[in-house]
Amino acid sequence: MAETVRIRGGEGGAVAALAGQVVRVTDVAGGQVGDLFAFSAADPGEYASAEHTRPGIGKLFPRPGDPVLTNRRRPILTVVEDTSPGRHDMLYAACDPARYASLGAAPGHRSCAVNLLETLRAHGVVPVTVPQPLNVFMDVRPQPDGTLASYPASSAPGDFIAFRAELDCLVVLSSCPMDIRPISAGGITPLELAVLAG
């Protein structure tokens with residue numbers, strides 16, 4: 001194993017992956033949603049994009065064998081293994097300060113958008129936007145009437161989703177701090193982000 005980062009509940013972290021290496025996201029305690037981002041090492045202006053991936057794979061939720069496409073429609077990651085129930089939302093934007101303000105949270109509530117920006121700055125990257133993430137373990141289900149229903153994450157302790165890096169990239173993960181809407185089961189808990197030797 002080349003590198004493992006334990007991400008505390010509600011915070012963010014990152015690993016650098018080379019093309020061909022496997023990046024694994026593990027739900028340590030179970031029931032924790034994570035916002036996953038990936039940026040090309042050659043040009044951080046190219047990044048994993050849920051809005052480009054959905055039409056690219058013709059699915060709302062990725063499965064093993066599916067690529068995660070960038071905003072330039074190139075594969076940056078490919079799902080290679082998933083031991084969870086397979087619910088990984090690609091519809092919701094990253095939570096941000098405006099979202100928490102609209103829900104009545106006190107100023108300063110942590111968010112996935114702020115976690116992303118803080119983590120990128122720590123790695124010397126200044127993004128121009130917060131991409132729409134791949135929300136690992138997040139259970140969002142479109143309903144027949146067109147509405148969206150969100151359920152607490154059903155991932156069990158130790159469940160993981162693994163990706164093969166298709167480009168050299170920086171992979172950022174936020175253990176989602178959303179504690180107002182019940183998207184994570186059992187409180188806000190750690191996630192593990194690992195890059196495996198290729």
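Just so you know, these numbers use all the heavy atoms, side chains as well, and skip hydrogens, waters and symmetry mates. Note that the structure is predicted; figures quoted are calculated from it, not measured.
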ask   = Considering residues, nucleotides and ligands other than Arg63, do more than 12 of their heavy atoms fall under 6.0 Å from its CZ?
value =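 Yes, the 6.0 Å shell around CZ holds more than 12 heavy atoms from other groups.
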Measure from the side-chain N and O atoms of [X] to the backbone N and O of [Y], and report whether any donor-acceptor pair falls under 3.5 Å.
X: Thr53; Y: Leu69; answer: yes
X: Asp96; Y: Arg99; answer: yes
X: Glu46; Y: Ser40; answer: no
X: Glu11; Y: Arg8; answer: no
X: Asp159; Y: Ser154; answer: no
X: His123; Y: Thr119; answer: yes
X: Thr70; Y: Arg72; answer: yes
X: Gln132; Y: Met90; answer: yes
X: Thr83; Y: Phe160; answer: yes

Minimum side-chain heavy-atom gap [X]-[Y] below 4.5 Å:
X: Pro190; Y: Ser175; value: no
X: Val22; Y: Phe163; value: no
X: Leu120; Y: Leu170; value: yes
X: Cys112; Y: Pro177; value: yes

Return the minimal non-hydrogen interatomic distance between [X] and [Y], and the atom names on each side.
X: Ala153; Y: Val33; result: CB-CG2, 4.1 Å
X: Ser150; Y: Ile183; result: OG-CG2, 3.4 Å
X: Val28; Y: Glu192; result: CG2-N, 3.9 Å
X: Gln32; Y: Thr189; result: OE1-N, 2.9 Å
X: Pro152; Y: Ala185; result: CB-CB, 4.1 Å
X: Val114; Y: Pro97; result: CG2-CG, 3.8 Å

Supply the atom-to-atom distance [X] [atom1] to [Y] [atom2], rounded to the nearest 0.5 angstrom.
X: Leu193; Y: Thr4; atom1: CG; atom2: OG1; value: 8.5 Å
X: Asp82; Y: Ser155; atom1: CG; atom2: OG; value: 9.5 Å
X: Leu60; Y: Arg141; atom1: CG; atom2: CZ; value: 13.0 Å
X: Leu36; Y: Leu191; atom1: CG; atom2: CG; value: 10.0 Å
X: Ser111; Y: Asp35; atom1: OG; atom2: CG; value: 9.5 Å
X: Glu3; Y: Leu196; atom1: CD; atom2: CG; value: 11.0 Å

key: Test item: side-chain donor near acceptor, Asn115 and Ser174, under 3.5 Å   = yes
inquiry  = Side chains of Asp179 and His109 only: does a donor on one sit below 3.5 Å from an acceptor on the other?
reply    =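 Result is yes, a qualifying pair exists.
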key: Residue pair Ile161, Val79: steps toward the side-chain contact (heavy atoms from CB on, under 4.5 Å) verdict   = CA-CA 7 Å; Ile161 181 170; Val79 182; 4.1 Å; yes
If hydrophobic clusters are built by linking Ile, Leu, Val, Met, Phe, Trp and Tyr wherever their side-chain heavy atoms come under 4.5 Å apart, do [X] and [Y] end up in the same one?
X: Phe61; Y: Ile57; value: no
X: Val140; Y: Met178; value: yes
X: Val15; Y: Val136; value: yes

request  = Report the C-alpha distance between Leu77 and Glu166 in whole Å, list the side-chain angles of each, state the deciding distance to 0.1 Å, and finish with yes or no for side-chain contact (heavy atoms from CB on, under 4.5 Å).
outcome  = CA-CA 5 Å; Leu77 302 170; Glu166 304 297 348; 5.7 Å; no
task = For residues 109-128, pull every pair meeting salt bridge (charged side-chain N to carboxylate O under 4.0 Å, His left out), keeping only residues two or more places apart or in separate chains.
result = Arg110-Glu118
key: Working for side-chain contact (heavy atoms from CB on, under 4.5 Å), residues Ile76 and Tyr47   = CA-CA 8 Å; Ile76 189 169; Tyr47 46 79; 5.9 Å; no
task = Considering only NZ, NE, NH1 and NH2 on the basic side and carboxylate oxygens on the acidic side, decide whether Asp66 and Lys59 come within less than 4.0 Å.
result = yes
request  = Indicate yes or no: does Arg87 engage Asp89 in a salt bridge with an N to O separation below 4.0 Å.
outcome  = no
query = What pairs with Tyr92 under ring-ring contact (aromatic ring centres under 6.0 Å, His included), at least two apart in sequence or on another chain?
reply = none
message = If the condition is salt bridge (charged side-chain N to carboxylate O under 4.0 Å, His left out), which residues does Asp27 pass it with, not counting sequence neighbours?
response =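 Applying salt bridge (charged side-chain N to carboxylate O under 4.0 Å, His left out) to Asp27 gives none.
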request  = I would like to know whether Phe137 and Val25 meet side-chain contact (heavy atoms from CB on, under 4.5 Å); could you show each step before the answer?
outcome  = CA-CA 10 Å; Phe137 312 125; Val25 179; 4.0 Å; yes
